[in-house]
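Note sheet for the following structure.
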Amino acid sequence: MPELPEVHTFQQYFDAAALQQRIMQVEVHDDKIIRNMDGFSFAERLRERTFTGSLRQGKYLFADLDNGHSVLLHFGMTGDLKLYQDPGERPRFERFAFVFTDGNRLGFDDARKFARVLYLEDRDAYIAESGLGPDALVISEADFLAAMGQRKTSLKGFLLNQSCLAGVGNLYADEICYRTRVHPGSTVASLPDKKRREVYAKLQEVLHTAVEQSPHYRDYPEQWFWNEWRHEGHLAPDGKSKVESAKIAGRTTYWAAPWQRKY
DNA sequence: TGTGATGTTGAATG
DNA sequence: GCATTCAACATCAC
């Protein structure tokens, strides 16, 4: 589920569910996804703390605490949040839950355990050290073009590289390539300047559209734009090009040829 | 029943 | 040293 727009949705959900809430305890069922301490220490650190704010950068969601520290929530492939009261509603793959003093519980559900949760004493230092790039919704055109530079990687590989820009994942990367009519395997260095600006414009368009729609994401995932074309054999708008797929930059990638030109 | 999955990391390679 | 690629991670759903 989670690329930038989905994490944006998680942030809104988290804010409504957890801000100004005091943590009575943290119930840890499986601390595999807590990456920098064991479950007991994690719970110990969080007890009696209150969530005061949140910050999203790319797919990373930082939950700030009243002691100046933060909790990093990264949702991996299958992470999700669920607020509930009745323990019977506990999500099937809940790994831990914040139990608030008002009786609500915020569960972190994650079937595949690819999520990463860290307790951070200094969120900004962590962002600096981790090399996480600027958020894809915030990056300026000039910075985007500079990040492209003369890279020899594919456009797809560039868009997925979280240290170049943070937030684009496999599906949105394909969508951006489709809309700009660039083959995802095109070498970044050989893209003409005009095309680079177009990629930036479509990146903004796609992400802004998705963020606007994100409140409905859970209800209407099947209506997401790529669902219409991201199937092998689908006809592109030219009525001739058919969708093909292959592994590019390590991920399954769909594009329409020759609708999307290779540079 | 085998295959692939909306992500990241760290090792290996160029 | 830097850029890039790729296997590994763990488990579910089709």
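Letters A, B, ... are given to chains in the order of the sequence lines, protein chains preceding strands, and every chain is numbered from 1. Nothing here was measured: the structure is a model prediction, and the numbers come from that model.
Asp64(A) and Thr52(A) share no side-chain donor-acceptor pair at under 3.5 Å. Under the 3.5 Å distance criterion, with hydrogens and angles disregarded, no donor-acceptor pair is assigned to the side chains of His234(A) and Trp229(A). Side-chain contact annotation: Lys156(A) with Thr253(A), donor-acceptor N/O pair under 3.5 Å present.
Taking atom CG of Asp109(A) as the reference point, atom P of dT11(C) lies 14 Å away to the nearest angstrom. In this structure, the CZ atom of Phe158(A) is 14 Å from the P atom of dT5(C), given to the nearest Å. We find that CD1 of Ile248(A) is positioned 15 Å from P of dT4(C), with the value rounded to whole Å. Nucleotide dT3(B) holds its P atom 17 Å from the CD atom of Glu232(A), rounded to whole Å. Atom pair Lys113(A):NZ and dC12(C):P shows a separation of 8 Å (rounding to whole Å applied). Atom CG of Asn161(A) and atom C1' of dT4(C) are 9 Å apart (whole Å). Atom-to-atom, CZ of Arg151(A) to P of dC2(C) comes out at 12 Å; the value is rounded to the nearest Å.
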Review item, nucleotides 7-14 of chain B N/O atoms under 3.5 Å of protein N/O:
residue: dG7(B); atom: OP1; partner: Lys59(A); partner atom: NZ; Å: 2.8
residue: dG7(B); atom: OP2; partner: Asn170(A); partner atom: N; Å: 3.1
residue: dG7(B); atom: OP2; partner: Arg251(A); partner atom: NH1; Å: 2.8
residue: dG7(B); atom: OP2; partner: Arg251(A); partner atom: NH2; Å: 2.9
residue: dT8(B); atom: OP1; partner: His74(A); partner atom: NE2; Å: 2.8
residue: dT8(B); atom: OP2; partner: Lys59(A); partner atom: NZ; Å: 2.9

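Taking the P atoms as reference points, dA10(C) lies 24 Å from dT1(B), given to the whole Å.
Counting heavy atoms of neighbouring residues, nucleotides and ligands inside a 6.0 Å radius, atom OH of Tyr263(A) exceeds 12 of them.
For dC12(C), neither phosphate oxygen OP1 nor OP2 lies less than 4.0 angstrom from any side-chain nitrogen or oxygen of Thr78(A).
Looking at residues two or more places apart in sequence or on another chain, you find a ring pair (Phe, Tyr, Trp, His ring centres under 6.0 Å) between Phe158(A) and Phe144(A).
Here Phe75(A) and Phe114(A) keep their ring centres 6.0 angstrom or further from each other.
Applying the Watson-Crick and G-U wobble criteria (two distances, each under 3.5 Å), dA5(B) pairs with dT11(C).
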